[in-house]
Protein chains: 2
Amino acid sequence: MVQAVQPITSADKTFIQLRRDIVEGEIPASSKLSEVELSTKYEVSRAVIREAINRLESCRLVERKPNVGARVVSLTPQGLKELYQVRESLEGMAARLAAVNMSEEEIDDLRALLDTHFKNVKEAENYYQEAGDLDFHYRIILGSKNAQLMSILFDGIYHLIRMYRVQLGMAGPRITTAFDEHRNIVNAIANRDPELAEMLMRRHIQYSGNVHQENLTKNSAKSIS
Amino acid sequence: MVQAVQPITSADKTFIQLRRDIVEGEIPASSKLSEVELSTKYEVSRAVIREAINRLESCRLVERKPNVGARVVSLTPQGLKELYQVRESLEGMAARLAAVNMSEEEIDDLRALLDTHFKNVKEAENYYQEAGDLDFHYRIILGSKNAQLMSILFDGIYHLIRMYRVQLGMAGPRITTAFDEHRNIVNAIANRDPELAEMLMRRHIQYSGNVHQENLTKNSAKSIS
DNA sequence: TGCAGCCAAATTGTCGACAAAATAGCATTT
DNA sequence: AAATGCTATTTTGTCGACAATTTGGCTGCA
């Protein structure tokens, strides 16, 4: 028996499209979201747009004021810092839980993934870089087997962080060092060492967060001058 | 000049009312939420109900399937466990950040609060217990000065945890020991010791989580027999 | 009896219209 | 000229109706 694909409503599609446009910067940060304007642009009724905006609000990608309207959130160094703090905490916990809950098979797959990425990265320096990093974190979060954790990270934090990365052009170098960090984390998980796995993951995210912070202040200084 | 109160829309009120009814169990767990039924019950249009349900979904209090409808989430031991794992992680981080970001005045206030609660608890054993505990955690999360953290905890996790507590009747005793734990956490924050504050907070939540877990399994065993 | 397909009822998804509120511009006053 | 108050316009909030989809039950057939 084939699993029937879940039907996607118009509101779903509009939400996903809108989210994409906001994250990728086609709808710029801090800009106002007019319901009528968007409903003509995306060719759906205002009700659909309203539902999409509501969902975007609960992702914290837009902010709404009653009777006034919705704006895309504005990007601030403070905001990015806060995001990374939450991410560090949650993914640290994810690594801790993964060290307990991941199956041996999942761990083997994760190792294989790392090898593949390593080869690809050596060949085409930074093409696979972001995708590889994402894959890695994605699997560990899945490995935590904690639905709340997954929901908060995948539906919320990750889109926000990506928004910062795309719009402030923060392609962290750090390729080879990040790779060693990834490998150490997998080893900790394979050794069923939750404390170490958490600690390594938290450090790993702290480092990448710091890099982004620096890029951000550098870039905003540039754009001011 | 007086700060104007933010206008509250019908959808806001309905959302808050619905959330209350779900958390307090007046709308039982796992029950279906019919839009027409609710719109007659709360005397608002279906559009308002839909918006409220959408927001409840992003709080993870209800689950929706396209073209089928929304159900209140079901309460499972696994679900409670996952919630406490996330809570431990996030509030641990909150305590860590509070140790850095809370002002001296806020710390003094927190100390005063603890004293007040201690007296009240001694007088009327468990009346102030829950409110006191809530107050304490609330202030530390505020003290983190991290908007993401606050939003995830206040808007999401806390209502869900309360739902479990109310509906599965988990009034943890643990009054005096919890008090000592609270005091130690405040001391760590006052000493500007982030690592210790985080560790103590995480333990504190682990303990209370364990108590609730036990109550839960006990109660569900009871209700089965 | 069991099962497949179909039909009817109920439920959700979408839409356009109206009501209420906020905003912007203009006139008036000091 | 600046500030205040009013009015017109725009924008959001709410509603009821229609369309699309699912669900439950019925009929007919093997």
Side-chain angles (χ1 to χ4, degrees), chain A residues 1-19 21-22 27-74 155, chain B residues 1-19 21-22 27-74 155:
Chain A
M1 171 185 160
V2 184
Q3 171 87 17
V5 287
Q6 194 153 237
I8 302 234
T9 68
S10 173
D12 284 324
K13 282 187 284 190
T14 307
F15 163 64
I16 291 171
Q17 182 64 38
L18 248 177
R19 183 177 63 186
D21 291 348
I22 288 174
I27 297 176
S30 307
S31 61
K32 185 161 188 339
L33 296 176
S34 160
E35 294 183 358
V36 286
E37 190 184 322
L38 292 174
S39 72
T40 57
K41 178 176 174 185
Y42 292 95
E43 293 175 317
V44 288
S45 77
R46 261 188 63 216
V48 171
I49 292 289
R50 273 181 74 83
E51 180 165 339
I53 289 181
N54 271 325
R55 290 202 230 169
L56 289 170
E57 188 191 15
S58 40
C59 300
R60 283 177 283 280
L61 281 167
V62 314
E63 287 168 347
R64 278 183 76 182
K65 277 189 210 161
N67 290 311
V68 173
R71 305 192 81 86
V72 180
V73 294
S74 49
D155 298 339
Chain B
M1 173 184 159
V2 183
Q3 171 86 16
V5 288
Q6 194 154 233
I8 300 230
T9 67
S10 173
D12 285 323
K13 282 187 285 192
T14 309
F15 164 64
I16 291 170
Q17 182 65 38
L18 247 178
R19 184 177 64 187
D21 290 349
I22 289 174
I27 298 177
S30 307
S31 61
K32 185 162 188 339
L33 295 177
S34 161
E35 294 183 359
V36 286
E37 191 183 322
L38 292 175
S39 72
T40 57
K41 179 175 173 186
Y42 292 94
E43 293 174 316
V44 288
S45 77
R46 260 187 65 215
V48 171
I49 293 288
R50 273 180 75 82
E51 180 166 338
I53 290 181
N54 270 325
R55 291 203 229 169
L56 289 171
E57 188 191 15
S58 38
C59 300
R60 283 177 282 281
L61 280 167
V62 315
E63 286 167 348
R64 279 182 74 183
K65 276 189 209 161
N67 290 311
V68 174
R71 305 192 80 87
V72 180
V73 294
S74 50
D155 299 339

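Small disclaimer: the values here were computed from a predicted structure and weren't measured. Note on naming: letters A, B, ... go to the chains in the order of the sequence lines (proteins, then strands), and numbering restarts at 1 for each one.
Between the C1' atom of C/dA10 and the CG atom of B/Leu38 lies a distance of 15 Å, rounded to the nearest Å. B/Asp12 has its CG atom 9 Å from the P atom of D/dG13, to the nearest Å. Regarding A/Arg64, its CZ atom lies at a distance of 16 Å from the P atom of C/dA21, rounded to whole Å. Whole-Å rounding puts the B/Glu43 CD to D/dC15 C1' distance at 15 Å. Regarding B/Glu35, its CD atom lies at a distance of 15 Å from the P atom of D/dT22, rounded to whole Å. As a whole-Å value, the separation of B/Ile49 CD1 from C/dT11 C1' is 15 Å. Between the C1' atom of D/dT12 and the CZ atom of A/Arg71 lies a distance of 15 Å, rounded to the nearest Å. The interatomic distance linking B/Lys65 (NZ) with D/dT22 (C1') rounds to 12 Å, in whole Å.
In this structure, A/Lys32 does not reach the C/dT23 phosphate: none of its side-chain N or O atoms is under 4.0 Å from OP1 or OP2. Listed pair A/Arg50 / D/dG13 meets the phosphate criterion, a side-chain N or O lying under 4.0 Å from OP1 or OP2. The side chain of B/Arg46 contributes no N or O atom lying less than 4.0 Å from OP1 or OP2 of D/dG13.
Of the two residues contacting DNA chain C, namely B/Ala47 and B/Val68, the nearest-nucleotide position lying further toward the 5' end is that of B/Val68. Each of B/Val36 and A/Ser45 lies near DNA chain C, and the nucleotide nearest B/Val36 is the one positioned closer to the 5' end.
Although no hydrogens or angles enter the test, the distance criterion places a donor-acceptor pair under 3.5 Å between the side chain of B/Arg71 and the main chain of B/Ser30. A donor-acceptor pair under 3.5 Å is absent between the side-chain atoms of A/Arg46 and the main chain of A/Val36, judged by distance alone.
Taking the charged nitrogens against the carboxylate oxygens, A/Glu51 and B/Arg50 do have a contact shorter than 4.0 Å, which makes a salt bridge.
Shortest non-hydrogen contact noted between A/Val48 and A/Ala11 is CG1-CA, 3.6 Å. Among all heavy-atom pairs drawn from A/Val62 and A/Leu33, the shortest one is CG1-CD1, 3.7 Å.
For A/Ala11, the listed nucleotide lying nearest its side chain is C/dT14; candidates were C/dC15, C/dT14, C/dA21.
Counting non-hydrogen atoms under 4.0 angstrom, A/Leu33 reaches the backbone sugars and phosphates but no base.
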